[in-house]
Amino acid sequence: MVHCALIGVLAMATAELPSGAATAALELPSGAAPPALTVRHFPDRLHAFVWRNWSLVPAARMAGVVGATSDDIRRIGRSMGLQGPPRITRDMERRSYITVIRRNWHLLPYDQLLDLLGWTERQLAFTLREDDFLFIKLGSLKPRCEPLRYQAPDATARAAARRIAERMRTVFPEGVGTTREPHFQFVRDLSSRSRAPAERLAGPSRFQPRFCYSYFALFGDPLAPGAVDSYPDGYLARMAASGVDGIWLHAVLYKLAPFPWDPALSEGADARLASLRRLVQRASRHGIGVYLYLNEPRTMPLRFFERHPGLRGVQSGDHATLCTSVPEVRAFLTSAVERICRAAPGLAGLFTITASENLTNCWSHSQGAQCPRCSQRAPHEVIAELHTALRDGIARSGSHARLIAWDWGWPDAWAEPLIGALPDGTALMSVSEWNLPIERGGVRTEVGEYSLSAIGPGPRATRHWELARRRGLPAFAKIQAANTWEMSAVPYVPAVENTALHAAALRTAGISGVMLGWTLGGYPSPNIGVVARLGATDESPREAMLAVARQRYGDASAPGVVDAWRLMSEAFREFPFHIGVVYTSPHQSGPANLLWESPTGYAATMVGIAYDDLDAWRAVYPPEVYIRQMDLVAEGFSRGAAMLAALERDAPEVHRRALRRERGLADTVRLHMRSAANQARFVMARRALAAAQDAASAAGPLAELERVLREEAVLAADLYRVQSADSRVGYEATNHYFYVPLDLAEKVLNCYDLLERWLPEERRRRGL
């Protein structure tokens with residue numbers, strides 16, 4: 001099972017990395033090196049390069065990459081009708097490096113990509129390896145690209161650029177290249193200290209804690225000196241007003257405490273601890289506790305074990321585990337946690353993942369039999385002992401921090417003995433909706449990843465919670481209150497009823513704490529507000545939704561908003577859920593995903609680049625069912641958006657903007673799901689065209705291709721306007737922007753290029 005947000009990053013991509021055994025082995029990964037894909041809707045690769053970086057990279061940097069001047073770059077951009085370029089701040093660059101890497105993956109070789117980012121080779125190698133599976137998100141390969149050098153456009157290229165400019169003026173008379181709301185405006189908005197409206201919670205909550213991740217944190221080393229502030233006071237105030245009482249962030253123990261076998265890895269630890277102490281103090285003023293996520297111990301490169309062979313456990317590739325059956329390793333875990341808790345005495349807690357994709361303890365990948373020590377011990381014994389080492393560190397410090405053991409990835413056979421062996425007082429957290437049986441479009445399957453379309457709790461969590469209660473341990477639920485990888489390109493999915501029904505079920509189940517989301521879903525949303533109300537009151541789901549809607553959209557609009565939420569929730573329950581669909585389908589990038597006249601040969605990547613890999617997109621669903629289900633979701637959100645638009649027209653000015661932005665999110669979900677269905681139709685029609693034997697059998701596929709291309713151009717233009725007015729759209733913390741408005745404008749070019757160049761040729765070739 002793939003989970004694309006489980007690897008904790010050791011350092012921010014833009015931070016300087018320490019010298020030492022663990023970092024010296026970093027090399028740029030390559031994997032396979034197939035030829036890069038060529039985009040034919042631009043005059044050449046240089047024009048594509050300028051277009052794709054226009055709004056994210058300063059012109060001077062672009063110029064330096066290709067050997068041009070800033071004026072050369074600006075002339076090329078403006079020749080294609082681009083306005084600007086916009087001002088690009090250093091903060092914007094630090095928040096968008098994944099977007100820049102992804103959009104240049106098929107354009108630049110590594111050395112020029114380094115120049116574009118202004119990074120060292122070691123920084124990029126580290127980012128690709130550690131920044132939330134980034135190299136896997138990019139396909140575990142680097143397309144082969146020739147160096148890109150500036151040459152003044154010739155007459156043919158200039159004429160093609162003029163045609164692009166004409167197309168842009170026709171489709172976007174308001175202009176392209178700049179936006180009404182700049183990229184990352186939401187960071188400034190959420191960070192401001194203006195007073196946020198409270199959800200007016202009454203009484204203590206049954207759910208304590210209710211904690212989540214920052215909506216805009218950089219995945220990595222948020223406590224490093226000079227790091228971007230992931231939790232500014234304005235944001236903390238807004239989260240508290242929405243009912244959140246806890247936040248979490250990644251922690252790597254050797255970044256916060258002396259690493260006895262390679263002290264260089266711990267450079268800056270004292271400064272990080274000081275940052276943590278300040279964050280704990282600031283958050284406490286808002287009634288918010290701070291939790292650290294531990295995925296420990298971290299693996300080390302094989303060369304590390306040449307000096308320390310007695311620490312080595314299970315090997316995977318060029319790394320191996322620090323075996324926790326070695327007393328010295330456990331002693332490090334204990335002392336590191338003790339040091340952290342002493343430095344930040346108000347720390348609320350630590351939570352662990354001990355069986356993720358990230359190799360940590362020797363049994364974390366069920367391969368403990370390969371370790372000479374752990375092979376003699378049961379998995380539950382090893383993992384429970386790891387938790388005991390962490391608990392001992394908390395106890396030695398005198399801290400009141402909680403220890404939370406998350407059962408993510410535990411095989412069923414491990415659960416009962418492991419829960420029984422956890423140290424006293426440890427809270428057991430389980431993913432609420434896992435293993436829920438579902439049926440979508442006549443296809444039966446079960447939930448195998450986070451889901452907002454399926455309402456928990458499921459049988460796995462219910463069983464694990466009961467085992468915890470028998471053991472005398474608190475039972476916590478991990479949910480996705482606001483959004484999931486079913487739709488991550490919005491700050492929250494306005495399917496609020498699904499969240500409310502789930503929270504009410506957890507209330508009935510007697511759950512005592514809730515993790516509100518993984519790295520996605522940390523926006524101060526109505527979804528989170530509803531969870532908080534249902535934990536603090538005896539209200540029904542509808543009553544809680546009405547209360548939250550009144551606070552945000554006014555008394556007059558609230559009933560209509562709740563009706564729209566209910567309609568969209570019903571529609572979202574039609575999402576064709578399967579882990580394969582969740583991670584590979586083009587619903588993350590929606591209309592921004594390009595269409596190709598012939599098969600690319602590239603496999604869809606994990607929430608990265610979908611390409612044209614229909615068979616991966618649909619997973620267990622027949623193509624027709626996948627298309628129908630995506631259409632059902634789109635239709636429901638279309639109706640919901642229409643209801644919100646009607647409310648917006650009649651609302652007082654004080655609530656009109658909030659309703660307009662709520663409608664924009666509904667429209668975004670509609671556009672993404674409709675485009676996913678269209679892209680599947682396109683691939684099916686392209687296959688049918690390739691198989692056609694004569695003009696008669698080719699006519700139908702050609703007509704379908706033309707229809708899809710025209711509709712996709714409209715969808716892309718519609719989403720361009722939504723995103724241009726709302727900088728939250730298209731963004732997710734660990735992927736940065738899946739797309740920016742110019743990607744959507746490029747999709748328009750892509751569609752019209754295929755219409756004007758490819759389809760007439762196909763018709764002529766087939767005698768139509």
Checklist entry - Which value, rounded to the nearest 0.5 Å, describes the distance between T299 atom OG1 and D318 atom CG? => result 8.5 Å

Item to check | Straight-line distance of L614 CG to Q679 CD, nearest 0.5 Å | outcome: 10.0 Å

Item to check | Atom of P591, atom of L719 and distance for their closest heavy-atom approach | outcome: CD-CD2, 3.6 Å

Checklist outcome for this item: Note: T605 and I136 closest approach over all heavy atoms is CB-O, 3.8 Å

Item to check | Test item: E756 side-chain N/O and L754 main-chain N/O as donor-acceptor pair under 3.5 Å | outcome: no

Checklist entry - Heavy-atom distance under 4.5 Å between the side chains of L749 and V39, does that happen here? => result no

Checklist entry - Counting distance only, does the side-chain N/O of R78 pair as donor-acceptor with the main-chain N or O of G84 below 3.5 Å? => result yes

Under 3.5 Å, sequence neighbours excluded: what are the donor-acceptor pairs made by side chains of residues 150-161?
| residue | atom | partner | partner atom | Å |
| --- | --- | --- | --- | --- |
| D154 | OD1 | T156 | N | 3.2 |
| D154 | OD1 | A157 | N | 2.8 |
| R158 | NH1 | P153 | O | 2.8 |

Checklist entry - Roughly how far, to the nearest 0.5 Å, is the CG atom of L148 from the CZ atom of F49? => result 6.5 Å

Checklist entry - Can you find a pair of side-chain heavy atoms, one from F682 and one from C751, that are under 4.5 Å apart? => result no

Next on the checklist: Between E732 and W485, is there a side-chain heavy-atom distance shorter than 4.5 Å?
Outcome noted: yes

Next on the checklist: Testing the basics here: between P109 and K142, what is the closest heavy-atom pair and its distance to 0.1 Å?
Outcome noted: CA-NZ, 4.4 Å

Item to check | Gap separating the CE atom of M62 from the CG atom of L46, nearest 0.5 angstrom | outcome: 10.0 Å

Checklist entry - With a 4.5 Å heavy-atom cut-off, do P143 and L37 have their side chains touching? => result no

Item to check | Check: H672 ring centroid to Y739 ring centroid under 6.0 Å | outcome: yes

Next on the checklist: Go through it in stages, so that I can follow the logic: the residues are R95 and H736, the test is side-chain contact (heavy atoms from CB on, under 4.5 Å), and I'd like the CA-CA distance, side-chain angles, deciding distance and then a yes or no.
Outcome noted: CA-CA 7 Å; R95 295 185 183 277; H736 300 175; 5.8 Å; no

Next on the checklist: For D718 and R674: C-alpha separation, side-chain torsions, deciding distance, then whether side-chain contact (heavy atoms from CB on, under 4.5 Å) applies.
Outcome noted: CA-CA 12 Å; D718 286 349; R674 180 64 176 175; over 6 Å; no

Next on the checklist: Under the criterion side-chain contact (heavy atoms from CB on, under 4.5 Å), I'd like the reasoning laid out for L709 against L759: C-alpha separation, chi angles, the key distance, then a yes or no.
Outcome noted: CA-CA 10 Å; L709 286 167; L759 288 183; 3.9 Å; yes

Item to check | Side-chain heavy-atom pair T734, L134 within 4.5 angstrom cut-off | outcome: no

Checklist entry - Listed by chain and number, what are the side-chain contact (heavy atoms from CB on, under 4.5 Å) partners of N483, not counting sequence neighbours? => result Q480, V493, L520

Checklist entry - Listed by chain and number, what are the ring pair (Phe, Tyr, Trp, His ring centres under 6.0 Å) partners of H47, not counting sequence neighbours? => result none

Next on the checklist: With a 3.5 Å distance limit and no angle check, can you tell me whether S230 reaches the backbone of P222 through a side-chain donor-acceptor pair?
Outcome noted: no

Next on the checklist: Could you work out, with side-chain contact (heavy atoms from CB on, under 4.5 Å) as the rule, every residue matching A604, not counting sequence neighbours?
Outcome noted: T584, D613, A616, W617

Checklist entry - Is there side-chain contact between W51 and M80, with at least one heavy-atom pair below 4.5 Å? => result yes

Checklist entry - Just wondering, do D753 and R167 contact through their side chains at under 4.5 Å, heavy atoms? => result no

Checklist entry - Can you name the residues that form a ring pair (Phe, Tyr, Trp, His ring centres under 6.0 Å) with W54, not counting sequence neighbours? => result none

Next on the checklist: The test is ring pair (Phe, Tyr, Trp, His ring centres under 6.0 Å); show your working for F186 and Y215 and say whether it passes.
Outcome noted: CA-CA 10 Å; F186 64 81; Y215 175 58; 5.2 Å; yes

Checklist outcome for this item: What one should report as the nearest heavy-atom pair of Y720 and P741 is CD1-O, 3.0 Å

Checklist entry - Under 3.5 Å, is there a donor-acceptor pair between the side chain of R102 and the main chain of N735? => result yes

Next on the checklist: Test your reading of the model: is there a side-chain donor-acceptor pair from R144 to the backbone of A33, 3.5 Å cut-off?
Outcome noted: yes

Checklist entry - Counting N and O atoms only, with roles assigned by atom type, does the side chain of D726 sit under 3.5 Å from a partner on the main chain of V722, one being a donor and the other an acceptor? => result no

Item to check | Taking every non-hydrogen atom, the tightest pair across A217 and S214 | outcome: N-OG, 3.3 Å

Checklist entry - Would you say the side chains of D72 and T69 form a donor-acceptor pair under 3.5 Å? => result yes

Contacts under 3.5 angstrom, residues 168-180 side chains, donor-acceptor by atom type, not counting sequence neighbours:
| residue | atom | partner | partner atom | Å |
| --- | --- | --- | --- | --- |
| T170 | OG1 | E166 | O | 3.0 |
| E174 | OE2 | R721 | NE | 3.0 |
| T178 | OG1 | Q83 | OE1 | 3.2 |
| T179 | OG1 | E181 | O | 2.8 |

Next on the checklist: Using modelled atom types and a 3.5 Å cut-off, is there a donor and acceptor pairing between side-chain atoms of R94 and backbone atoms of L218?
Outcome noted: no

Next on the checklist: Under the side chain to side chain donor-acceptor pair (under 3.5 Å) definition, can you give me all pairs with a residue in residues 759-768, not counting sequence neighbours?
Outcome noted: E706-R763, W758-E762, E761-R764, E762-R765, E762-R766

Item to check | Nearest-0.5 Å distance that lies between atom CD in E704 and atom CG in N678 | outcome: 8.0 Å

Item to check | Audit row: E93, V100, side-chain contact (heavy atoms from CB on, under 4.5 Å) steps and yes/no | outcome: CA-CA 9 Å; E93 289 188 71; V100 171; over 6 Å; no

Next on the checklist: Please report the interatomic distance CG(L128) to CD1(I101), rounded to the nearest 0.5 Å.
Outcome noted: 5.5 Å

Next on the checklist: Once salt bridge (Lys or Arg N to Asp or Glu O under 4.0 Å) is applied, do any residues pair with R74, and if so which ones, sequence neighbours excluded?
Outcome noted: D71

Item to check | Closest contact, heavy atoms only, L141 versus Y602 | outcome: CD1-CE2, 3.7 Å

Item to check | Pairs where residues 743-752 contributes a residue and the test side chain to side chain donor-acceptor pair (under 3.5 Å) is met, not counting sequence neighbours | outcome: H41-E746, R52-E746, R103-D743, E712-K747

Checklist entry - With sequence neighbours left out, which residue pairs that include part of residues 105-115 fulfil the side chain to side chain donor-acceptor pair (under 3.5 Å) condition? => result H106-Y611

Item to check | L117 backbone acceptor or donor facing Q123 side chain under 3.5 Å | outcome: no

Item to check | Side chain R45, main chain E146, donor-acceptor under 3.5 Å | outcome: yes

Checklist outcome for this item: Those residues at least two apart in sequence (or on a different chain) that pass side-chain contact (heavy atoms from CB on, under 4.5 Å) with P599 are D612, R686

Checklist entry - With the threshold set at 4.0 Å, does a side-chain nitrogen-carboxylate oxygen contact exist between R188 and D91? => result no

Checklist entry - Do T668 side-chain atoms and G664 backbone N/O form a donor-acceptor pair below 3.5 Å? => result yes

Checklist entry - Listed by chain and number, what are the ring pair (Phe, Tyr, Trp, His ring centres under 6.0 Å) partners of Y737, not counting sequence neighbours? => result H183, F184, Y731

